[in-house]
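Structure first, then comments.
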Amino acid sequence: ATVVGLLAAGLFSGGCHEFEEVLGETPVVYRMSAGWSHSKFPMVIIKPFGFSDHPTQLSLSAFYLFGLTLILLHVVQWYRAKRAAAKAEVDALGVKSPAVVAV
């Protein structure tokens, strides 16, 4: 799931960068030396995961915001699954939860 999440974040930031090239680019955050070019082997292999030798403000922001959104959604799903498992366990034991008991 982590690899797929990184791939999704990288592809999203790459797509945002393509829109950025058409509509006008934001400033470049940093530039790496010539040996780290994202268009040459071996760095081209990790390009779909968001690697760039000269990322812009938009592409970095898109990558990190998409990644944080994925982490937040994962935590929410984990919490909901944990609650559902606890409820199923209580139901299996035949114990009524306090919210269900009529007063």
Side-chain angles (χ1 to χ4, degrees):
T2 303
V3 173
V4 174
L6 284 173
L7 180 62
L11 291 175
F12 179 73
S13 69
C16 287
H17 181 69
E18 293 301 321
F19 279 114
E20 186 180 33
E21 287 179 355
V22 173
L23 301 174
E25 293 196 13
T26 57
V28 172
V29 178
Y30 60 85
R31 291 191 184 275
M32 298 179 89
S33 63
W36 292 92
S37 175
H38 67 270
S39 59
K40 297 186 191 278
F41 191 79
M43 301 317 283
V44 73
I45 295 171
I46 59 172
K47 172 68 175 153
F49 294 95
F51 175 77
S52 177
D53 60 342
H54 60 282
T56 61
Q57 289 176 351
L58 177 68
S59 62
L60 276 181
S61 299
F63 181 82
Y64 287 115
L65 287 175
F66 194 89
L68 287 173
T69 303
L70 286 178
I71 290 170
L72 177 66
L73 289 173
H74 176 73
V75 168
V76 168
Q77 285 295 96
W78 175 78
Y79 179 72
R80 293 174 90 189
K82 187 177 172 183
R83 267 187 26 204
K87 185 176 185 272
E89 184 179 344
V90 167
D91 290 345
L93 294 174
V95 178
K96 291 188 177 184
S97 62
V100 177
V101 175
V103 179

Would you give me the side-chain donor-acceptor pairs under 3.5 Å for residues 1-15, sequence neighbours excluded?
unit_1, atom_1, unit_2, atom_2, d
S13, OG, A9, O, 3.4
S13, OG, G10, O, 3.0

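Remark: T26 pairs with E20, T56, Q57, L58 by the side chain to side chain contact (heavy atoms under 4.5 Å, CB included) rule, at least two apart or across chains. Legend: residues meeting side chain to side chain contact (heavy atoms under 4.5 Å, CB included) with E18, ordered by chain and number and at least two apart, are E21. In this view, L65 satisfies the side chain to side chain contact (heavy atoms under 4.5 Å, CB included) rule with no residue, not counting sequence neighbours.
To the nearest 0.5 Å, the span separating OG on S59 from OH on Y64 amounts to 10.0 Å. In this structure, CZ in F49 is found 10.0 Å from CZ in F63, a value given to the nearest 0.5 Å.
Pairs of residues two or more places apart, or lying in two chains, never qualify as side chain to side chain donor-acceptor pair (under 3.5 Å) while including a residue from residues 70-86.
When hydrophobic side chains of Ile, Leu, Val, Met, Phe, Trp and Tyr are connected at separations under 4.5 Å, L68 ends up as a singleton with no cluster partners.
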